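In what follows, every heavy atom counts, from backbone to side chain, and hydrogens, waters and symmetry copies are set aside. Keep in mind it's a predicted model, so treat the numbers as computed, not measured.
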Amino acid sequence: MIYLDNSATTRVRPEVLSAMLPYLNDNFGNPSSIHKQGRQAKDAISDARKKVATLLGCLPEEVYFSGCGTISNNTAILGRARFVEANALPRHMITTAIEHPSVTGPARYLESLGWEVTYLPVDAQGFVTTDSVKAALRDSTSIVSVMWANNEIGVVEPIAEIAQLVSDYAATIGREIFMHTDAVQVPGKIAIDLSKLPVSALSISGHKFGAPKGVGVLFLRRLVNIMPIFFGGGQEMGLLPGTEGLPNIVAIGEAARLAHQEQAELAARLTAYQKRLFEILSVCENLKITGPADVAHRLPGHVSVAVAQLEGEAMVLRSDLKGIAVSSGSACHQGIIEPSAVLRALRLPDSLAQGALRISFGRDNSESDVEEAGKSLLEVFRKLQATAVR
Ligand code: PLP
């Protein structure tokens, strides 16, 4: 099996597994206990916080451990919304048409509470333009959430420019605008330096870069307020309470250390794979790249295409039979093929959007995987094209 679905999830790295195992075993203490076992657990969490802070280029006290990317996104948006409401600030939010449901969901919920939400459109390649952000900002804007990199079409948004624009606009109205970015697809692929990126909050998730599922991080800049949306025993400064998932926190710390160390080398390798696969697939008739064609503006290792007249799920299942694990952006619900909201936002014709496929390389892949997968995928496309109803 050649696993090419690393944007969905990644294998736990062996170094990460070794680092976390003792915390499932001998070092099982509760970090809130004051005995030796507890103190050891507390130290391990503090160590992991430092490692994540190094990956992000922020202070350790700006790192909050959460249960996953979804929880980080919800906590940032709904937590700030609570603060906005508690302070009777205006209730306008800006987000985009291509966010993950863990951002779109909170945005829709806020609408149901009477907030106004602007969903920024994207251009044909999936870019949010700075002009559209400028046009959407208003005196009443209190929250902006724009993803850094999209999981389905690999587009990397101009997040530094957008964040700067929001920050400059906030200065002109003399009021803080909470700027959040979903960076779940970013660690290990693109360098992150929060000492230079003017965002208030950022979300990441462990299972996308070699830690297990069930642990994430919310970066919240010092002196930026949000209010909790969960209530409990006060852990994570009362923002994300609940007994800490000690082994998972140790794991995300180790994964962050490795991702930081290896980012440049991994990005270069994944970009080479990505270029080569685009080259191999380009000979297929009626195939269109979804997201930017220029890999300089894509997530390293992320390849997404759509083939006219084909069905995404059929492509995934045929590829699976050939030992290639990939994914599609279109799902079949009771016989009707529904392109995802992201593909819809690109305004692709349905005949193309229903044939969407995502191939995402990871650190375990090799050059021979690229060649073998490219050959198999072309065979799958041709076979399905030969039988497609036109
Ligand atoms: N945001 C993006 C861009 C994602 O790709 C994902 C996961 O697919 C999430 C958020 C949610 O992360 P998690 O699976 O950790 O809840």
Side-chain angles (χ1 to χ4, degrees), residues 55-58 62 69 72-73 76-77 80 92-100 103-104 107 117-204 218-222 224 263-264 267 271 274 289-300 302 304 342 345-347:
L55 171 73
L56 301 182
C58 67
E62 294 173 322
S72 296
N73 284 342
I77 296 167
R80 182 61 178 198
H92 175 238
M93 170 175 173
I94 299 173
T95 187
T96 81
I98 60 163
E99 298 297 316
H100 187 267
V103 167
T104 313
V117 179
T118 304
Y119 296 90
L120 299 174
V122 292
D123 70 12
Q125 296 190 79
F127 289 113
V128 175
T129 65
T130 45
D131 281 347
S132 73
V133 179
K134 258 185 222 160
L137 282 164
R138 317 178 188 158
D139 288 1
S140 59
T141 307
S142 285
I143 299 178
V144 178
S145 182
V146 175
M147 76 193 322
W148 188 332
N150 183 274
N151 44 312
E152 285 187 49
I153 54 170
V155 57
V156 177
E157 300 297 349
I159 201 68
E161 285 102 287
I162 293 172
Q164 192 56 54
L165 224 154
V166 171
S167 161
D168 293 346
Y169 185 83
T172 67
I173 61 169
R175 196 164 57 75
E176 202 178 275
I177 297 178
F178 183 80
M179 169 77 211
H180 167 257
T181 186
D182 173 350
V184 163
Q185 292 290 335
V186 173
K189 311 233 170 69
I190 302 171
I192 305 175
D193 185 357
L194 286 164
S195 71
K196 301 218 173 76
L197 186 71
V199 297
S200 322
L202 169 145
S203 308
I204 62 169
L218 174 64
F219 156 81
L220 179 67
R221 197 172 291 283
R222 212 169 65 89
V224 173
Q263 185 268 322
T271 305
Q274 177 183 39
I289 294 174
T290 53
D294 179 357
V295 295
H297 297 291
R298 294 188 71 97
L299 266 174
H302 188 293
S304 57
V342 176
L346 296 180
R347 296 173 295 279

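Atoms CD1 and OG, from Ile77 and Ser203 in turn, are 7.5 Å apart once rounded to the nearest 0.5 Å. Taken to the nearest 0.5 Å, the NZ atom of Lys189 stands 10.5 Å off from the OG1 atom of Thr271. One finds the CD atom of Gln185 at 12.0 Å from the CD1 atom of Ile204 (value rounded to the nearest 0.5 Å). Summarising the geometry, atom CD1 belonging to Ile98 is positioned 4.5 Å from atom CD belonging to Glu157; distances are rounded to the nearest 0.5 Å. Interatomic distance, Ile153 CD1 to Leu346 CG, rounded to the nearest 0.5 Å: 4.5 Å. Distance check: Ile190 CD1 to Ile159 CD1 gives 10.5 Å after rounding to the nearest 0.5 Å.
Side-chain contact between Lys134 and Leu165: present, with at least one pair of heavy atoms (C-beta onward) separated by less than 4.5 Å. Using a 4.5 Å cut-off on side-chain heavy atoms (C-beta onward), Arg175 and Ser142 make contact. Contact of the Leu137 side chain with the Ile177 side chain is registered, since non-hydrogen atoms from C-beta on lie closer than 4.5 Å. Side-chain contact between Thr96 and Tyr119 is absent, with no heavy-atom pair separated by less than 4.5 Å. Within the 4.5 Å cutoff, the side chain of Ile192 has no heavy atoms near those of the Gln263 side chain.
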Next item on the list: Go through Ser145 and Met93 one step at a time and tell me if the side-chain contact (heavy atoms from CB on, under 4.5 Å) criterion holds.
Entry: CA-CA 8 Å; Ser145 182; Met93 170 175 173; 4.1 Å; yes
- Carefully, step by step, assess Leu197 and Trp148 under the rule side-chain contact (heavy atoms from CB on, under 4.5 Å). CA-CA 11 Å; Leu197 186 71; Trp148 188 332; 3.7 Å; yes
CA sep, side-chain torsions, deciding dist, call: Val144, Phe178, side-chain contact (heavy atoms from CB on, under 4.5 Å):
CA-CA 6 Å; Val144 178; Phe178 183 80; over 6 Å; no
Checklist line | Working for side-chain contact (heavy atoms from CB on, under 4.5 Å), residues Met179 and Ile162 | finding: CA-CA 9 Å; Met179 169 77 211; Ile162 293 172; 4.2 Å; yes
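Counting only distance, with no hydrogens or angles, the side chain of Gln274 and the backbone of Leu299 share a donor-acceptor pair below 3.5 Å. A distance-only check finds no donor-acceptor pair linking the side chain of His180 to the backbone of Ile143 [under 3.5 Å]. Side chain of Thr181 to backbone of Val146: a donor-acceptor contact under 3.5 angstrom is found. A donor-acceptor pair under 3.5 Å links the side-chain atoms of Arg221 to the main chain of Leu194, judged by distance alone. Side-chain atoms of Gln164 do not come within 3.5 Å of backbone N or O of Pro198 as any donor-acceptor pair.
Residues Pro292 and Phe127 share a closest heavy-atom pair of CG-CZ, 3.7 Å. Closest of all the heavy-atom pairs between Glu176 and Arg80 is OE2-NH2, 3.0 Å. The two residues Ala149 and Val186 make their nearest non-hydrogen contact at CB-CG2, 4.0 Å. Summarising the geometry of Phe219 relative to Val199, their closest heavy-atom pair is CE2-O, 3.8 Å, with the distance given to 0.1 Å. Across every non-hydrogen atom of Val224 and Ser200, the tightest pair is CG1-CB, 4.0 Å. Contact detail for Arg298 and Thr290: the closest heavy-atom pair is NH1-O, 2.9 Å.
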